[in-house]
**Student:** 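Quick one: this structure, given as structure tokens, is what I'll be asking you about.
For the single chain, residues carry numbers from 1 onward in sequence order.
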Amino acid sequence: MARIGPGPGTGGPRARPAAAPEPGAGLVLVGAILMLGGATTQARTGPALPEEGTPVETGPAVKPVAAWNAFCERMPAECTVNTAEAAFIHLDAAIWRTLTSVNRRVNARIKPITDQAHWGVIDRWDYPDDGFGDCEDYQLLKRRMLVERGLPRRALRMTVVIDDIGEGHAVLMVRTDRGDFILDNKTNTVLPWARTGYSYVKREGQDGTRWVSLNGGASPVTTANR
């Protein structure tokens, strides 16, 4: 090995050996790296879970809107309730990402049109398979996509509200162990039901084909709202 500094007999100073690391310094460095790695991993996990909310208050059984009955005659499997399914979804980060993703995708994919312009009737509930639909059609497609992703249909309830402009409107209520959340074609944000600004009228029941009233609201005749 080559010498550092003057050789023997020159009288010059020898180079100092490198100082030994402080005990535990390596552990501190490793800990800092792990902390940074953990922060990076956390940042990649996607949106945080929403704050825990409350379920909407339900009342007595009520009749659905007439267009729902016609939809069920055409597609009875969409309206049956399997009581063996879970009534509430355990909301974790993966399911929250699924809810927000499906809401955004359907809102972007479907073009709004009134039932009168689309079908020639005031109110018709159907899947927007041609790329056009109004409020309830958006929500029916979202529910179908969520069911295909493994969520229980029983916890995904079609819901009638009075919206911010005083008109009948349909949204999809997702019942979870952190409260009831709303998928809506008017916003890409999935909101707790109490933060939408809507008046809640009724939704599908979870124990049969009857609907249930919500907060004692008056029922609109139709949901003909884009």
**Student:** Return the set of residues passing side chain to side chain contact (heavy atoms under 4.5 Å, CB included) with Pro152 (not counting sequence neighbours), or none when no residue passes.
**Tutor:**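 Pro152 satisfies side chain to side chain contact (heavy atoms under 4.5 Å, CB included) with Glu85, Ala86, Ile89, Ala155 only.
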**Student:** Thr98: which residues meet the side chain to side chain contact (heavy atoms under 4.5 Å, CB included) condition with it, sequence neighbours left out?
**Tutor:**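 Checked Thr98 against side chain to side chain contact (heavy atoms under 4.5 Å, CB included); matches are Val102, Leu146, Arg149.
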**Student:** Going by disulfide bond (SG atoms under 2.5 Å apart), name the pairs with one or both residues in residues 75-131, residues two or more places apart or in two chains.
**Tutor:** Cys72-Cys79
**Student:** Hydrophobic side-chain clustering at under 4.5 Å (ILVMFWY, transitive links): who's grouped with Leu191? Put none if nobody.
**Tutor:**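 Its cluster partners, ordered by chain and number, are none at all.
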**Student:** Taking the six-membered ring of Phe71, is the NZ or CZ of Arg124 close enough (under 6.0 Å from the centre) and on axis enough (within 45°)?
**Tutor:**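 Judged by the rule (NZ or CZ under 6.0 Å from the ring centre, within 45° of its axis), Arg124 is not positioned above Phe71.
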**Student:** Do NZ/NE/NH1/NH2 and the carboxylate oxygens of Arg157 and Asp180 come within less than 4.0 Å?
**Tutor:**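 No, no charged N to carboxylate O under 4.0 Å.
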**Student:** Taking the basic N atoms (NZ, or NE/NH1/NH2) and the acidic carboxylate oxygens, is any pair closer than 4.0 Å for Glu78 and Arg153?
**Tutor:** yes
**Student:** Where do Thr58 and Leu214 come nearest, in terms of heavy atoms and distance?
**Tutor:**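 Result for this residue pair: CG2-CD2, 3.7 Å.
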**Student:** Could you work out, with ring-ring contact (aromatic ring centres under 6.0 Å, His included) as the rule, every residue matching Phe88, not counting sequence neighbours?
**Tutor:**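 Partners of Phe88 under the ring-ring contact (aromatic ring centres under 6.0 Å, His included) test: none.
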**Student:** Give me the atom names and distance for the closest heavy-atom approach of Val62 to Val212.
**Tutor:** CG2-C, 3.7 Å
**Student:** Before accepting this row, confirm whether a basic side-chain N of the pair Arg143/Glu204 lies closer than 4.0 Å to the acidic partner's carboxylate O.
**Tutor:** yes
**Student:** Mind checking side chain to side chain contact (heavy atoms under 4.5 Å, CB included) for Ala117 and listing every partner two or more places apart, or none if nothing turns up?
**Tutor:**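 In terms of side chain to side chain contact (heavy atoms under 4.5 Å, CB included), with neighbours along the sequence ignored, Ala117 is linked to Ile113, Thr114.
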**Student:** Applying side chain to side chain donor-acceptor pair (under 3.5 Å) to Asp184 and Tyr198, what does each step give before you reach the verdict?
**Tutor:** CA-CA 11 Å; Asp184 189 357; Tyr198 297 157; 2.5 Å; yes
